[in-house]
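Structure, as structure tokens:
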Amino acid sequence: MKKHAESRTGSKPGKFGKYGGQYVPETLMEPLRALEEAYNKFSHDPSFKKELAGWLDTFAGRPTPLYLAANLTRHVGGARIYLKREDLLHGGAHKINNTLGQALLAKKMGKRRIIAETGAGQHGVATAMACAALGLGAEVYMGSEDMDRQKLNVYRMKMLGAKVHPVESGSRTLKDAINEALRDWVTNVQETYYLLGSVVGPHPYPTMVRDFQSVIGKEARKQILQADGKLPKAVVACVGGGSNSIGIFHSFLHDLDVNLYGVEAGGESLSPGQNAAPLVAGREGVLHGMMTYVLQDEAGQVQTTRSISAGLDYPGVGPEHAFLMNEGRAKYVTVSDEEALDAFKTLSQLEGIMPALESAHAISYAMKLAKSLATKDSILVNLSGRGDKDVEIIAKHIAQ
Ligand SMILES: *Cc1c(COP(=O)(O)O)cnc(C)c1O
């Protein structure tokens, strides 16, 4: 077990065991190579690190607090529940950690045109914010179906100065927007930087985005040692593409007594088309340039997904999670739409904190887990975002 954890990135860069890699057309190999080279250079450059830390502190609002949810702990009975408050960041979620990092890298690479994909619009908004701050142009691909469902985020992106390109292909949702962004990148690679929103896609994205998000775990590990005098029994985070979860897991990978739990969207049920849980309900396959777990049918066609939480609604998952699952280092579970709504209500009313529906999945599982643990134990939950964006959806469900 210990050996596994130590050799966790496998031997080849960009491979997590057999997962990850670069399953892309020939034309993308050179831009990916150039990106990897620039990232390797700047990620070790003290002045880049210092500049990024400055943006994270004064623009995004880092460090975020660690909060002991005492009322929730009392209500559940069992382990103490601590929340890492990424919901307090600018833009309302962890996504700004990654968009600031990549936008600054793009600027150093001399790229002035930034493209991105977005599903619910959260990554598009975080990209637009980072680009405006750094003086870069942003263009965001978004499925037209998603544009209808997430009008407010479309307005936000436009107000922040970004251009939004509707995508009419396929199911007109996130996976189609990613395909379209990759196509744009191939065509305009000279002046364009592709700012991917999670730990997915071809190498170096899963590694680079994880590094930018690992600030969450670095802070949280110190904070919980200080608050609690010891490491938590478990770390819990929701998994869409997997960036907030890998970001908090990473500092605990070598602490083998700390159990790591990734919570996928169980949706309505685990039947095909009714969830967004590729690690629990999918199979190995290739999607968006990576070998990973994918929700697919018998013929290998990508399946439609479903979740009350738009940010978790993706048929694939970051390759490092596939690796951590197979190694047994992290466990992956699901929480249904219904359970996430209950957790949203509970946390809102007991703590005065409205979680994003994505994060409510993690809260729900943490409540179950806390009950099964002793009162001397603690659980660290990543509260990846705030729920203001979800009030309309929740109001509809609660009224029923
Ligand atoms: C986008 C989003 C997620 C899912 O993305 P990951 O890459 O899995 O972190 C989770 N929570 C919030 C609040 C989000 O906006």
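Start at 1 and go down the list; that is how both ligands and their atoms are numbered.
Using modelled atom types, one finds no donor on one side chain facing an acceptor on the other under 3.5 Å when comparing Gln223 with Tyr82. Counted by atom type alone, Glu86 and Asn97 present one or more donor-acceptor pairs between their side chains at under 3.5 Å. Using a 3.5 Å distance cut-off with no hydrogens or angles, the side chains of Tyr332 and Glu264 do not pair a donor with an acceptor. Ser245 and Asn382 form no side-chain donor-acceptor contact under 3.5 Å, judged by distance and modelled atom types alone.
If you number the atoms of ligand 1 from 1 as listed, the ones under 4.0 Å from a heavy atom of Asn244 come out as 6 (P), 8 (O), 9 (O), 10 (C). In the vicinity of Gly385, heavy-atom distances shorter than 4.0 Å reach the ligand 1 atoms 13 (C). Taking every non-hydrogen atom of Gly240 and a distance limit under 4.0 Å, the qualifying atoms of ligand 1 come out as 8 (O).
Nearest protein heavy-atom neighbour of atom 6 (P) of ligand 1: Ser243 N, 3.3 Å. Of the protein's heavy atoms, Gly311 O, 3.3 Å lies nearest to atom 4 (C) of ligand 1. At the shortest separation from atom 3 (C) of ligand 1 among protein heavy atoms lies Lys95 NZ, 3.6 Å.
Both the backbone and the side chain of Ser384 come within 4.0 Å of ligand 1, counting heavy atoms alone.
Ligand 1 lies nowhere less than 4.0 angstrom from a heavy atom belonging to Ser245. Judged by the shortest distance from any of its heavy atoms, Gln213 lies outside the 4.0 Å radius around the atoms of ligand 1.
An N or O contact shorter than 3.5 Å links Gly242 to ligand 1 by distance.
What you find for Leu357 and Ile308 is that their closest heavy atoms are CD1-O, 3.8 Å.
Ion pairing between a basic and an acidic side chain is recognised when a charged N comes within 4.0 Å of a carboxylate O; Lys108 and Glu51 show such pairing.
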